[in-house]
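Here is the structure we will look at.
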Amino acid sequence: MTTPSTERGQTAAHVDLPTKYQPADVEGRLYERWVSAGYFAADPARNPGGPAYSIVIPPPNVTGSLHMGHALDHSIQDALVRRRRMQGYEAVWVPGMDHAGIATQNVVERELAKEGKSRHDLGREAFVERVWAWKAESGGRILGQMRRLGDSVDWSREAFTMDERRARAVRTIFKRLFDDGLIYRAERIINWCPRCLTALSDIEVEHADREGELVSIRYGSGDDEIVVATTRAETMLGDTAVAVHPDDPRYKHMVGREVELPLTGRRIPVVADEHVDPEFGTGAVKVTPAHDPNDFEIGRRHDLPSLTIMDERGVITAHGPFEGLDRFEARPAVVAALRQQGRIVKEVRPYAHSVGHCQRCSTVVEPRVSLQWFVKVAPLAKAAGDAVRDGRVQIHPPELAARYFEWVDNMHDWCISRQLWWGHRIPVWYGPDGQTVCPGPDEEPPAGWTQDTDVLDTWFSSALWPFSTFGWPDDTPDLRRFYPTSVLVTGYDILFFWVARMMMFGLYAMDGVEPFKVIALHGMVRDQHGKKMSKSFGNVVDPLDWIDRYGADATRFTLLRGANPGGDVPVADEWAQGSRNFCNKLWNATRFALMNGAHVRGELPSEGLTTVDRWVLSRLNKVIAEVDAHLESFEFAKACETLYHFAWDEVCDWYVELSKVQLDDPAAADTTRRVLGEVLDRLLRLLHPVIPFVTEELWTSLTGEETLVRAAWPQADAARHDDDAEALVASLQRLVTEVRRFRADQGLKPGQRVAAALEWGGSPLAGHEKGVRMLLRLDAPGEGFSATASLPVEGVTVRLDTAGAIDVAAERKRLEKDLANARKEAEQARRKLGNESFVAKAPEAVVAKTRDRLSQAEADIARLESQLAALPAA
RNA sequence: GGGCGCAUAGCUCAGUGGUAGAGCACUCGCCUUACAAGCGAGGAGUCGCAAGUUCGAUCCUUGCUGCGCCCACCA
């Protein structure tokens, strides 16, 4: 691209821009330049008194590649950061990735499985090394994707949840929590994945309805018979009691007695427990403390023994005929065995109930008693809830705060130990006699002691992200300038996983200072029918594919244009094409401007502007204010919509067209070049946060400046508002549209010149006769002018020479339609004004408006009737 | 089981107590030298159903129906 010619005059300057915007030709080049020039790098020492703005990226899992959801998330953050950077904030957007414990370990284990190996064949050390190798490869791919998207992240601050700095943060907070008694180790019943062979926290379990069977079984016999119902018959092998509600008259006499447990011959007690719902089933519950969370609690309350009958893989270990069977084989086997013993099975009926599955591998989760580490969440969750409750942290949109509270106010202790190898190893060592020590990050454990073999839940380290990325636990300049972060942008799907935990740890570690001031939530990216994207549907769109075909800007614009706060974002190929077309429209508008010598040199004149100039500047300044307001409230869809319409419908369709007349007018050409330059300059600035590449390319060409990345964000200037100019241009637009409509109805070729007499009747539009003639391709009436049609619009009469013949039928049809509309309009208004209550009670302005409508409609009716009467017979 | 949300044009979604909007799709006409990734014109919706409040309801209230999401230790 060459510098625009400064040559003026009638001859269009030569501009070396292709007629189509080719994203591939500019994106890579511009991104490299942005990074090497250091535009994205923040400096906490720069402009010390000035405002700072910080965002930490929700670290993507190193396993995968970025999907459309990431592209949406990143587009939002980039738009926010780029705008603040232009506004003069010291803005930083910190990139990084998450080690994603289970997810990553599973991926690498699958790789190994292809080689016929398991992680145990490698051993812990070699396996972890292998995961690091995978991380290097996969992580690199993700970083490349971020570059393609145009993310203006500060690469010098790139972080990883398992790098050395972050490890130190983990050790530090663990130690603090441990010393404060907020971390403890206990034998509890936890969610266990028999495939991943690890504990899971509550939120790593996904519930789904499953068809099962509810089996009613008779325990005991004769007077002692008591019927229990279960969906998991195999667990009866581990039953150590039957529970009934203490007030249930049916079973009161049974409490304290024992019944015989079928198949085992064991006798188990009947206990009374409030937890039992007398209304449900038979009102009696079998109690298996080792394999059910409720029963575990009942067992604790009644001091019942806990009998483990399954191993960690879900295989029955209870001695007897079922030993060695998988849990799902054992279930029907137990029922069959009961049946063989006669009338023990009372009833079997289908029963749909909710079953927990491992979030990472979909295996049915098995509750399991084991020794695990927990975070005592009560005080932390309380603080996390309060910070939102008292407004220190705002959730956007506010409706989603309810979900946050729901979780924060009802949280169970958080199981943080995982029986994995990939992750932060729990920083606790055990002595030879079972002593426990948690050394600080800079302390050594006693020689000969052994470290706990478990690792921490991956969310433990990501919960530290808003401050670990800035160097915590050290007191760094970054931390002081950029914490708390300005806003957290993420999908509502990880409100519980991540956001709430950052709140807990942030408030705890940073002495009550919240990790972010605003939580801006967005939804999920969906297909054009609102369906979730999934491989099985085949409706997954890869952001890279869109970037290749339509460009990064079009991809970003499509996503942001659909991004209503907290809402899901449907996308479709055609919409991305529309966005690409929009970028191309800007490209060509700027191309036109450059060819005609548009520039931004010197002050924008206040004198000597045409009505059309004043109109576009008025609109521009209103648009700036609107876009500002929308972006402040995370209304990206609205901001995009406003800019799209202003750019396309107002600037391109009207201002650029009308400027052609002005550019031909020596008296107006100079200011027109300046105004055209001004409008594009401001428009490109406003669009830059959303579509950074094309705007940078065009803006630097237009202005000759080095970069738009650090150019100033436009300020709305209310002094440019001009209601008169806006009203006049609105009239002009109506006039032009009306005449075009006539031409179309009459079957006149759009390119066909038509002789016309324009009679302005004192209308201020007279000053725009040249513009009207150009837009409508009207010639002056010549020698043989014969007026055959007239269109009184806005007080203006247009007489057109349609070569002596107009299509009377078409014209009659058009006029009749307009007349019908006007009559309907008048009728409506008349009815309203005839309503006394309306006139008495409605606001003055509404009544006045209705009167205006009526008189306008009546005038239209009179005009149309006389036009119809004047039509020659067909 | 608890909580929340949604129902507006063919599709996806905005929106307002006072004449229904956008994008895409659709129809017709145009290669008009910034742009056919374009230009111009046009069609299209009893704003889910019912009742209530109001001078007036797509908007507020209630009920109903149909969807969706989140949470959940009722076997």
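We use all heavy atoms of the structure for the numbers below, so side chains are in, but hydrogens, waters and symmetry mates are not. Naming convention: chains lettered A, B, ... in sequence-line order (proteins, then strands); numbering from 1 in each chain.
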| Reading nucleotides 14-22 of chain B 5' to 3', which nucleotides get B (base under 4.0 Å from a protein heavy atom), which S (sugar-phosphate only), which -? | SS--BB--S

| query | Whole Å only: how far is the CG atom of A:Asp664 from the C1' atom of B:rA34? | reply | 15 Å

| task | Take A:Asp860 and A:Gln856 through the test side chain to side chain donor-acceptor pair (under 3.5 Å) and record every step on the way to the result. | result | CA-CA 6 Å; A:Asp860 287 346; A:Gln856 181 62 49; 3.3 Å; yes

| request: Send over the distance from A:Ile203 CD1 to B:rC71 P, rounded to a whole Å. | output: 9 Å

| Nearest-nucleotide comparison on RNA chain B, the residue closer to the 5′ end among A:Arg777 and A:Gly283 | A:Arg777

| From the list B:rG2, B:rA75, B:rC69, which nucleotide is the closest neighbour of the side chain of A:Arg403? | B:rC69

| task | For nucleotides B:rC31 and B:rC69, find the distance between their C1' atoms and express it as a whole number of Å. | result | 50 Å

| request: Say whether, by atom type as modelled, one donor and one acceptor occur between the side chain of A:Arg743 and the main chain of A:Gln752 under 3.5 angstrom. | output: yes

| When the P atoms of B:rC64 and B:rG1 are considered, how many whole Å apart are they? | 15 Å

| query | Base, sugar-phosphate alone, or nothing: which one does A:His275 contact when heavy atoms must sit under 4.0 Å apart? | reply | base

| N-O pairing of A:Lys770 and A:Asp664 below 4.0 Å | no

| query | Which of these passes side chain to side chain donor-acceptor pair (under 3.5 Å) with A:Lys286: A:Thr240, A:Thr235, A:Asp292? | reply | A:Thr235

| task | For A:Val656, report the nucleic acid contact type (base, sugar-phosphate, nothing); a contact means any heavy atom under 4.0 Å. | result | base

| What is the distance, rounded to the nearest whole Å, between atom CG of A:Leu748 and atom P of B:rU32? | 17 Å

| request: Just call it for A:Tyr351: base, sugar-phosphate, or nothing, with non-hydrogen atoms closer than 4.0 Å on any strand. | output: sugar-phosphate

| task | Start with the C-alpha distance between A:Leu833 and A:Arg851, add both sets of side-chain angles, then the distance that settles side-chain contact (heavy atoms from CB on, under 4.5 Å), and finish with yes or no. | result | CA-CA 8 Å; A:Leu833 293 166; A:Arg851 289 209 177 89; 4.0 Å; yes

| task | Answer yes or no: is there an ion pair linking A:Arg741 with A:Asp818, defined by an N-O contact shorter than 4.0 Å? | result | yes

| field | RNA chain B: 5'-proximal contact among A:Ala593 and A:Val571 (nearest heavy atom) | value | A:Val571

| task | Determine the interatomic distance between P on B:rA20 and the same-named atom on B:rA34; round to the nearest Å. | result | 39 Å

| said: How many whole angstroms separate atom NE2 of A:His529 from atom C1' of B:rA25? | reply: 12 Å

| What interatomic distance, in whole Å, is found between C1' of B:rU54 and the corresponding atom of B:rC60? | 10 Å

| message | For A:Arg814, is there an ion pair with A:Glu811 - N to carboxylate O distance below 4.0 angstrom? | response | yes

| request: Identify the two heavy atoms, one from A:Val285 and one from A:Val228, that lie closest to each other, and give their separation to 0.1 Å. | output: C-CG1, 4.0 Å

| field | B:rC6 and B:rG63, which share atom name P, separated by this distance in whole Å | value | 16 Å

| message | Taking side chain to side chain contact (heavy atoms under 4.5 Å, CB included) as the criterion, tell me which of A:Leu735, A:Leu800, A:Val736 meets it with A:Leu776. | response | A:Val736

| message | Applying a 3.5 angstrom cut-off to the pairing atoms, does RNA chain B sit in any stems of at least three consecutive Watson-Crick or G-U pairs? List them by first number. | response | B:1-7 with B:65-71, B:10-13 with B:21-24, B:26-30 with B:38-42, B:48-52 with B:60-64

| Interatomic distance where CG belongs to A:Leu698 and P belongs to B:rA34 [whole Å] | 17 Å

| query | Quick check: does any side chain N or O of A:Gln746 sit under 3.5 Å from a backbone N or O of A:Asp807, one acting as donor and the other as acceptor? | reply | yes

| field | Pairwise C1' distance, B:rC13 and B:rU58 [rounded to whole Å] | value | 16 Å

| P atoms of B:rG23 and B:rA14, separation to the nearest Å | 16 Å

| said: Exactly one of A:Val690, A:Val627, A:Leu559 should register a side chain to side chain contact (heavy atoms under 4.5 Å, CB included) with A:Cys640. Which one does? | reply: A:Val690

| query | When only distance counts, do a donor and an acceptor, one from the side chain of A:Glu657 and one from the base of B:rA34, lie under 3.5 Å apart? | reply | yes

| Side chains of A:Asp573 and A:Trp546: do they bring a donor and an acceptor to under 3.5 Å? | yes

| request: Specify the separation, in whole Å, of atom NE2 of A:His207 and atom C1' of B:rC70. | output: 12 Å

| said: Taking B:rU32 as the reference, what is the distance to B:rG17 when you measure between their P atoms (whole Å, please)? | reply: 47 Å

| Footprint string (nucleotides 37-47 of chain B, 5' to 3'): B base within contact, S backbone only, - free, heavy atoms under 4.0 Å | BSSSSSS----

| message | Nearest whole Å is fine: how far is B:rC35 C1' from A:Phe592 CZ? | response | 11 Å

| Within this structure, what is the CZ-to-C1' distance between A:Phe296 and B:rA75, rounded to whole angstrom? | 18 Å

| task | Could you verify whether a donor N or O on one side chain and an acceptor N or O on the other, from A:Thr558 and A:Ser579, lie under 3.5 Å apart? | result | yes

